[in-house]
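This one's a predicted model, so the numbers in the text were calculated from it and none came from an experiment. Note that ligands are numbered from 1 as they come in the structure, with each ligand's atoms numbered from 1 the same way. Side-chain atoms are counted along with the backbone in the values below, which use heavy atoms only and exclude waters and symmetry mates.
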Amino acid sequence: MKGKNGLKTVYFKEIDSTNDYVKIRRGEGKDLLAVAKKQTGGRGTKGRSFQSEKGGVYLSLLRFYEDFPAREAFKIMAGAATAVCEVLEDCGLSPVIKWPNDIHVNGKKICGILIENAFGLDKVTSSVVGIGLNVYNELDEELAFIATTIKRETGKRFSVHKLAKKLARLLYRETDLCAYQKRLGYMGGAATLLLGDERIPATLVSVDEEGNLLALAGGELRRFAAAEVSLRV
Ligand code: BTN
C-alpha cells in the first residue's frame, strides 16, 4: 500500500521483527516502511531483545541514498532520535536523548532505536531505522522499573497509527545536529561507561559531530564510540 507521500508501507498485526522484514526486501532497491502492532522477536542494540507488546509503535524504515558519506552516518541516528523527541513533545512530554539512541522521559526509557546501515566504499547506500516507541503497551514488572509509556506519563491513550505516520514523515527531513545536541540528556552529570569488562566512572561532557561521546574519565577528556561502550546513568 502507498501512503500519501508515495512511500510503500506494509502493516502487520504481528511479525517477528520489522527490521528483519525490511532487510529481507533490501534487494528490491526501493524505500519501504513496515509497521507492526506487535513483534514476537523485536531486536534491540548490542544483541538484546526488545519487548514489543500490542500498544506500541514498532516501525522500520528502509531508505536508499544516492550520495551519503559514511563519515556522516551518525546523522541517520541523530535525525531519528530528534524525530521521536518531536513526536513526544507534541504529546506534551519533555523527552531527552540518552546517548546514543534511547529516548527517556522522567528518567525512564520510552523509546529505543536500532539503526542497521549498509555501506559501499565510503558511502552509506541504505539504512534501516527501527523505532520501538512505548505508547500504551503493558510493561512487565521488571521493565516498568526502567521504562515508561506515553500513557503512563500523560494519562492519555494516543493513536499508535497516527504516531507512526507522523514519525515516518519526520524521518525524511534533513538532519539538524543542533536539534539533536539540544535534546541530549545527562550531560554534565556522573555516569558509568561499560567498556568490555571495565567500568569507567565518568562525567559526561558532550557528543561530537560523528556521534562519539566526550567524557571526563580519570582526569582526562576521552572520546568513546557508541559501538564500544554502554552508558549507565
Ligand atoms: C534498543 O532499545 O536497543 C533498540 C530497540 C529498537 C526496537 C525497534 S522496534 C521496530 C524495529 N524492529 C526491531 O526488531 N527492532 C526495532
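At a 4.0 Å heavy-atom cut-off, ligand 1 does not touch D20 at all. Within the 4.0 Å heavy-atom criterion, neither part of N101 lies near ligand 1.
Residues S60 and N19 bring a donor and an acceptor atom of their side chains to less than 3.5 Å of each other.
Those atoms of ligand 1 with a heavy atom of G42 less than 4.0 angstrom away are 14 (O). Counting atoms of ligand 1 from 1 in the listed order, those under 4.0 Å from a heavy atom of G44 are 1 (C), 3 (O), 4 (C), 5 (C). With ligand atoms numbered from 1 in the order given, ligand 1 contributes 6 (C) to contacts under 4.0 Å with heavy atoms of L114. For ligand 1, the atoms sitting less than 4.0 Å from at least one non-hydrogen atom of T18 are 10 (C), 11 (C), 12 (N), numbered in the order shown with element in parentheses. Residue contact check: R43 has heavy atoms under 4.0 Å from atoms 5 (C), 6 (C), 7 (C), 13 (C), 14 (O), 15 (N), 16 (C) of ligand 1.
Residue-ligand proximity: Q39 is placed with a non-hydrogen atom under 4.0 Å from ligand 1. Within the 4.0 Å heavy-atom shell around ligand 1 one finds K109. Heavy atoms of S60 approach ligand 1 to within less than 4.0 angstrom.
A salt bridge is absent between E209 and R71: the closest approach of a Lys/Arg side-chain nitrogen to an acidic carboxylate oxygen does not fall below 4.0 angstrom. At a threshold of 4.0 Å, the pair E138-R152 does not count as salt-bridged, since none of the basic side-chain nitrogens sits closer than that to a carboxylate oxygen. Between E116 and K23 there is a salt bridge, with a side-chain nitrogen of the basic residue lying less than 4.0 Å from a carboxylate oxygen of the acidic one. Electrostatic pairing of R183 and E89 counts as a salt bridge here, judged by a charged N lying under 4.0 Å from a carboxylate O.
Counting all heavy atoms, side chain and backbone alike, V135 lies closest to T149 at O-CB, 3.4 Å. Shown here for Y180 and W99, the closest heavy-atom pair between the two residues is OH-CD1, 3.8 Å.
Between the CG atom in L62 and the OG atom in S126 there is a gap of 5.5 Å [rounded to 0.5 Å].
The heavy atom nearest to atom 4 (C) of ligand 1, considering only D102, L59, I113, is found in I113. In this structure, of Y58, Y21, F50, the residue bringing a heavy atom nearest to atom 5 (C) of ligand 1 is F50. For the residues V128, T45, V129, the heavy atom positioned nearest atom 3 (O) of ligand 1 is part of T45.
Ring geometry for Y11 against H161 counts as tilted: the plane angle lies between 30° and 60°, on a 0 to 90° scale.
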